[in-house]
Amino acid sequence: MPADLKARVAAAAAHADITPHNFILSAIAERMAREERYGDFNAAAEQRYASMIASGQTIPWTEMRNYLEQRLAGKADAAKPTAKTGQ
């Protein structure tokens, strides 16, 4: 590990009141969790896209945007748009 990085790790670990070794392990675990979440997100997106292509059903952006704007405005009873074929 480069000396400047080692010094930064030591300072951050001291600030967190843990050993540099534990700081490094924590950083690795945090990065692994982030990468795994990112992988899960991408897998879900790919699955949803494949389903959309297979079914041919989509929701027009104007309808979805209107729904989302209503929800953001606090309208819990906003009508959810439904997917339709051939749009």
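Sequential numbering from 1 along the given sequence is applied to the chain's residues.
- Among pairs with a residue in residues 69-81, those fulfilling salt bridge (Lys or Arg N to Asp or Glu O under 4.0 Å) read Arg65-Glu69, at least two apart in sequence or across chains.
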Side-chain donor-acceptor contacts of residues 32-40 below 3.5 Å, not counting sequence neighbours, with atom names and distances?
residue, atom, partner, partner atom, Å
Glu35, OE2, Arg31, NE, 3.1
Glu35, OE2, Arg31, NH2, 3.3

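- To the nearest 0.5 angstrom, Ile24 atom CD1 is 7.5 Å from Leu5 atom CG.
- With values rounded to the nearest 0.5 angstrom, Thr82 atom OG1 is found 12.0 Å from Tyr67 atom OH.
- In the displayed structure, Asp17 atom CG is contacted under 6.0 Å by at most 12 heavy atoms of other residues, nucleotides or ligands.
- Following chains of ILVMFWY side-chain contacts shorter than 4.5 Å, one cannot reach Leu72 starting from Met64, and the two form parts of different hydrophobic clusters.
- Under a hydrophobic clustering in which Ile, Leu, Val, Met, Phe, Trp and Tyr are joined whenever their side-chain heavy atoms come within less than 4.5 Å, directly or via other members, Met1 and Leu25 fall into different clusters.
- Taken to the nearest 0.5 Å, the NZ atom of Lys84 stands 7.5 Å off from the CD1 atom of Ile59.
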Atom pairs and distances, donor-acceptor, side-chain atoms in residues 46-54, under 3.5 Å, two or more places apart:
none

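- Minimum heavy-atom separation, Ala10 to Pro20: CA-CG, 4.3 Å.
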